[in-house]
Amino acid sequence: MSEIRAQAPPVDVAGRAAPAGEARPTPGARWLPPAAAIAVAVAVWWLITDVLVGDDPLLSSFAPQHAVPAIGDLASRGVLWEDIGASLSRLLIGLLLAVVVGWPVGLLLGLSATAERATRPVFQFLRMISPLSWAPVAVAVFGVGGPPVIFLVAAATVWPVLINTAAGVRAVDPGHLLVARSLGASRLEVVVSVVVPAIRAHVLTGLRLALGIAWVVLVPAEMLGVASGLGYQILNARDQLAYDQLMAVILVIGLLGYLLDSLAQRLLTPRRGRGGE
């Protein structure tokens with residue numbers, strides 16, 4: 001009797017299992033649509049800033065033939081690398097503070113219905129306030145420089161970490177908790193051995209959401225009197241009327257944001273074990 005070997009289903013570009021009978025996409029079919037979309041976007045950008053504006057020197061400075069070489073000019077002068085390093089360090093410190101505060105508080109709210117009901121009005125009120133609204137307060141308390149930026153990033157990103165952690169705790173199968181308690185596990189042992197591993201997917205999702213929010217908040221926050229960072233460099237280029245460099249920094253911000261999200265998707269998306277476990 002011949003053996004029947006089970007074959008794993010093909011996986012699509014996003015990492016999902018492809019429907020049965022659907023062929024796996026070739027490398028060309030995988031990369032051609034994004035490349036075509038980028039080419040169209042660049043063509044529209046060039047058409048607007050170089051063809052339609054005519055002889056307007058201000059708008060033509062934003063054209064791709066001026067902005068892209070400006071990236072190399074900023075990088076060759078070493079300015080760009082310093083600003084990227086400053087922005088990323090503030091981003092990581094703010095995210096770390098958000099995790100240090102949001103993860104344990106979210107764990108508490110998920111475990112205690114009383115704590116969740118008590119804090120819901122205050123947390124919902126604070127969550128709906130734009131993080132940048134706290135900018136004058138942050139500058140008044142921490143002064144100018146990096147600390148206010150870090151505070152604003154942490155204030156913006158603590159909520160997705162907290163909310164996703166609490167949601168993960170509430171989604172834990174009660175049967176698993178009963179089994180652990182029936183085996184004589186203490187409350188702390190139940191939390192460490194059952195709850196914390198079970199909420200991993202929710203926590204990682206919260207971290208990825210927090211990263212996206214942090215990058216969006218970081219750039220305007222760096223326009224609050226700091227002397228480094230990508231947000232500062234935008235203001236610096238504007239003051240020098242170097243609009244090609246201003247557009248170059250915007251391109252760098254978008255590219256870095258895309259790379260950060262792609263890295264977060266690869267590192268923070270929960271992986272399925274063998275057999276779909």
Side-chain angles (χ1 to χ4, degrees), residues 7-54 56-85 87-88 91-92 95 160 201 204-205 207-220 222 229-231 233-234 237-238 242-272:
Q7 296 182 352
V11 178
D12 64 6
V13 179
R16 300 181 296 267
E22 183 176 331
R24 182 174 300 176
T26 62
R30 178 179 302 176
W31 297 110
L32 184 58
I38 293 174
V40 171
V42 173
V44 172
W45 173 21
W46 171 80
L47 181 66
I48 294 175
T49 57
D50 192 73
V51 177
L52 298 182
V53 299
D56 190 327
L58 175 61
L59 293 179
S60 62
S61 299
F62 292 96
Q65 66 267 26
H66 301 300
V68 175
I71 298 177
D73 179 59
L74 290 173
S76 64
R77 289 190 282 139
V79 175
L80 191 60
W81 303 114
E82 294 178 1
D83 290 324
I84 291 175
S87 294
L88 290 179
L91 179 82
L92 294 177
L95 279 174
L204 294 179
T205 300
L207 285 174
R208 186 184 173 196
L209 293 173
L211 177 62
I213 295 173
W215 190 246
V216 173
V217 171
L218 176 70
V219 174
E222 286 184 330
L230 295 171
Q233 195 56 238
I234 288 180
R238 182 205 63 183
Y243 294 107
D244 56 338
Q245 296 182 11
L246 189 152
M247 190 64 197
V249 178
I250 292 176
L251 293 177
V252 171
I253 291 171
L255 179 60
L256 282 177
Y258 176 82
L259 294 177
L260 286 173
D261 183 71
S262 299
L263 181 63
Q265 184 176 9
R266 181 175 295 272
L267 297 179
L268 301 180
T269 300
R271 299 289 192 270
R272 288 188 176 185

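Taking the side chain as every heavy atom from C-beta outward, Ile253 and Ile234 approach each other to under 4.5 Å. A heavy-atom distance below 4.5 Å is not found between the side chains of Leu74 and Val252. Ile250 places none of its side-chain heavy atoms less than 4.5 Å from the side chain of Leu230. For the pair Asp261 and Leu211, the minimum side-chain heavy-atom distance is 4.5 Å or more.
Here the closest heavy-atom approach between residue Ala248 and residue Ala70 is recorded as CB-CB, 3.8 Å. Minimum interatomic distance between Ala237 and Leu246 (heavy atoms only, all atoms of both residues): CB-N, 3.7 Å.
Interatomic distance, CG of Leu91 versus CG of Leu260, reported as 6.5 Å (0.5 Å rounding). We find the CD-CD distance between Glu222 and Gln233 to be 10.5 Å, quoted to the nearest 0.5 Å.
Ser87 places no side-chain N or O within 3.5 Å of a backbone atom of Ile84 that could act as its donor or acceptor partner.
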